[in-house]
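Everything below concerns the one structure shown next.
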Protein chains: 2
Amino acid sequence: MPRIATPPDAADTSLRQQVYASLREALTSGRFAPGQKVTFRYVAGVLGVSLTPVREAMRRLVAEGAFEMNPNRSVRVPLMTRDKVLELRDIRMELEGLAAAKAALAATRNQIAEVRRAAREIIVARSRGDGATDRQKVREFHFAVYAAAGQPTLLRLIEGLWLQTGPYMNLLYPDFISSPRGPAGRQRLIDALQAGDAAAARREMENDIRRALSYVAGLADENGNIAPAVPATARKRRSPSAGDAIFELRVN
Amino acid sequence: MPRIATPPDAADTSLRQQVYASLREALTSGRFAPGQKVTFRYVAGVLGVSLTPVREAMRRLVAEGAFEMNPNRSVRVPLMTRDKVLELRDIRMELEGLAAAKAALAATRNQIAEVRRAAREIIVARSRGDGATDRQKVREFHFAVYAAAGQPTLLRLIEGLWLQTGPYMNLLYPDFISSPRGPAGRQRLIDALQAGDAAAARREMENDIRRALSYVAGLADENGNIAPAVPATARKRRSPSAGDAIFELRVN
DNA sequence: CCTCGGGATTTGTGATCACATTATTTTGCC
DNA sequence: GGCAAAATAATGTGATCACAAATCCCGAGG
């Protein structure tokens, strides 16, 4: 198996890294509600670690835009607006289009096979109405392409962008996802990778992102807000503890 | 005065933020040598603060790619390779081209005036052979354009990319910079902004970045390395203290 | 019933300490 | 004198504590 662009912190076993991975997982799978307040001590309590690694992990996520911090120091899951979605759409079209174009020029046979496998699994999950697996496989499909581009910095940037749009991608279900244009587009993308046609690969990737995020932008209310804030945080009076099941520390 | 995209941490007076700004300044102005080892305690000693804010600032810079951390836990200024420059070139062409295109559609009269002013100051500095001011004004010119795009996430991404290429931009002096194509290109970019011609603005910006970073990539040696490592760190035996003059804590 | 104030609580920030691991220097042997 | 091994120093990591600012809660006053 050829090695593909491996995240540089693959062997990082520090608590900070585990907390970071846990929060990232929780964010992308939608276990935090938009607008929800998330305190350092709460996370530290649930994960059973001290404040130090939590602070560093959450500060990084703030820097990446996955959390936002008010000037009056409180960390929240960002609310999404139409303008923000449109900005992210245009950025993602550029970067993920670039990655697809590079992948068309650089992908190995095995890497293309990975892409193809993910595409098949999307169809299977979708036929079963399994939205969670569907989303997971869509992610694998995209990142199989991006990994094939062999550009580590580009991959890191794209991961950061997915972290910001991720919690809102479930808004695509079930209405948008039923369109038959998705599978056809993915097939054309695979064909372009196979043929080494960078321009076509870029075009297909751009179209995919444009369609999905334009749809999400269209869900905004008259104020431009999408998926409005949950009624604040269900304030925990008791001290949080492991097993609160919001998320878990992922041990490797 | 119309509001333009203001950095979200404009009013952040925390030590962490000041350390972050100081290190960023030191990196972009080339006060750290590529490959140089930079320890937490060293920075803390020079800036006269404890490890805590230094750790958080440097961890963020590692996440942004401005420092790199070996698995055997030592933080270094990254070495640049031809492949990395070419990857950054292509990413920057996409994102800064996008920003220029957006700026052409959104720039106000005052924002265009800012761009024009920076362009004039580049010419002045260059005629004086003042490389440091030249670099500073080139940066101001570019970011005046990006700010006019009014896209905060895009601006943040571009800042991160400049942080990575910044220390190597002085390699453009004095040979590359003497080309007369730079000023003419900037004028065409200004004209495109004025005319609201997004495609032309994007083209000029892309050409500018392509020329500069392709030149830098061409400076690589036979191993693909650019500006090889300085002879390790001038190891400090005595404990570092304020006034070591490598960089200073910027107090607001 | 709503509004405003004041005290208790929560929460992020920064400093300090202990510890394990890595790096460096010194020592001892051939 | 050269080299390996032990000792010493350096360094990142995580926990804990103190503190100030922000927030929350509750009751007095209208």
Side-chain angles (χ1 to χ4, degrees), chain A residues 8-9 11-23 35-63 67-77 231-242 249 251-252, chain B residues 8-9 11-23 35-63 67-77 231-242 249 251-252:
Chain A
D9 36 27
D12 190 342
T13 64
S14 66
L15 279 183
R16 166 186 6 93
Q17 186 62 24
Q18 294 179 48
V19 172
Y20 176 78
S22 297
L23 288 170
Q36 180 178 350
K37 186 164 76 175
V38 182
T39 68
F40 292 176
R41 283 175 172 84
Y42 173 71
V43 173
V46 171
L47 298 184
V49 298
S50 82
L51 283 179
T52 311
V54 172
R55 279 169 61 173
E56 292 185 3
M58 289 187 70
R59 284 245 142 257
R60 175 171 171 187
L61 288 164
V62 168
F67 285 117
E68 67 183 7
M69 178 158 247
N70 295 13
N72 41 335
R73 55 184 197 178
S74 73
V75 181
R76 305 183 157 278
V77 181
T233 308
R235 264 183 75 67
K236 305 263 178 187
R237 281 261 136 261
R238 66 192 174 80
S239 78
S241 60
L249 184 64
V251 189
N252 298 326
Chain B
D9 36 28
D12 190 343
T13 63
S14 65
L15 278 182
R16 164 185 11 90
Q17 187 61 24
Q18 295 178 47
V19 172
Y20 176 77
S22 297
L23 289 171
Q36 179 178 351
K37 187 163 75 174
V38 182
T39 68
F40 291 176
R41 282 175 172 84
Y42 173 71
V43 173
V46 172
L47 298 185
V49 297
S50 81
L51 283 179
T52 311
V54 172
R55 279 168 61 171
E56 293 186 1
M58 289 185 69
R59 283 246 141 256
R60 176 172 172 187
L61 289 165
V62 168
F67 284 118
E68 67 183 9
M69 178 157 247
N70 295 12
N72 44 335
R73 54 183 197 177
S74 73
V75 180
R76 306 184 155 279
V77 181
T233 308
R235 265 183 74 68
K236 304 264 177 187
R237 284 256 133 263
R238 65 195 174 80
S239 76
S241 60
L249 184 63
V251 189
N252 298 326

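Letters A, B, ... are given to chains in the order of the sequence lines, protein chains preceding strands, and every chain is numbered from 1.
For the pair A/R76 CZ and D/dA22 P, the computed distance is 15 Å after rounding to whole Å. Counting to the nearest Å, the P atom of D/dA22 and the CE atom of A/M69 are 13 Å from each other. Taking atom OH on A/Y20 and atom C1' on D/dT13, their separation rounds to 19 Å, with Å as the unit. One atom, CD of A/E56, and another, P of D/dT13, lie 7 Å apart when rounded to the nearest Å. Regarding A/M58, its CE atom lies at a distance of 7 Å from the P atom of C/dG12, rounded to whole Å. In this structure, A/F40 atom CZ and D/dA15 atom P are separated by 15 Å, rounded to whole Å. Atom CZ in B/R16 sits roughly 6 Å away from atom P in C/dG14 (whole-Å rounding). Whole-Å rounding puts the A/N70 CG to C/dT11 P distance at 14 Å.
Of all heavy-atom pairs spanning A/A57 and A/R16, the tightest one is CB-O, 3.8 Å.
When distances run from any side-chain atom of A/P53 to the nucleotides C/dT24, D/dA15, C/dG14, the shortest one goes to D/dA15. Nearest to the side-chain atoms of A/R59 among the listed nucleotides D/dG14, C/dT13, C/dT24 stands C/dT13. Side-chain atoms of B/T39 lie closest to D/dT11 of the nucleotides D/dT11, C/dA15, D/dG14. With distances taken from any side-chain atom of A/V49 to the nucleotides D/dT13, D/dA15, C/dA15, the minimum falls on D/dA15.
Residue-to-nucleotide proximity on DNA chain C shows that, of B/S74 and A/V75, the 5′-proximal contact is made by A/V75.
Atom CZ of residue A/R60 and atom CZ of residue B/R60 lie 11.5 Å apart, to the nearest 0.5 angstrom. Note that the CE atom of A/M69 and the OG atom of B/S14 stand 9.0 Å from one another [nearest 0.5 Å]. Taking CD of B/Q36 as the reference point, atom OH of B/Y42 lies at 7.0 Å (rounded to 0.5 Å).
For A/A44, the side chain to side chain contact (heavy atoms under 4.5 Å, CB included) partners are A/L51, A/V54, not counting sequence neighbours.
Comparing the end axes of the helix from C/dC1-D/dG30 to C/dC30-D/dG1, each fitted to five base pairs by superposing C1' atoms of four pairs onto the next four, gives an inter-axis angle of 0° (nearest 10 degrees).
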Close N/O contacts between protein and nucleotides 16-20 of chain D (under 3.5 Å):
none

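The side-chain contact (heavy atoms from CB on, under 4.5 Å) test with B/L61 is passed by exactly one of B/V77, B/L23, B/V75: B/L23.
The closest donor-acceptor contact from the side chain of A/R76 to the backbone of A/G35 lies under 3.5 Å.
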Practice problem: May I have the step-by-step check of side chain to side chain contact (heavy atoms under 4.5 Å, CB included) for B/M58 and B/V38, ending in yes or no? | Solution: CA-CA 10 Å; B/M58 289 185 69; B/V38 182; 3.8 Å; yes

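Sorted by first and then second residue, the salt bridge (charged side-chain N to carboxylate O under 4.0 Å, His left out) pairs with a member in residues 44-55 of chain A read A/R55-B/E56; sequence neighbours excluded.
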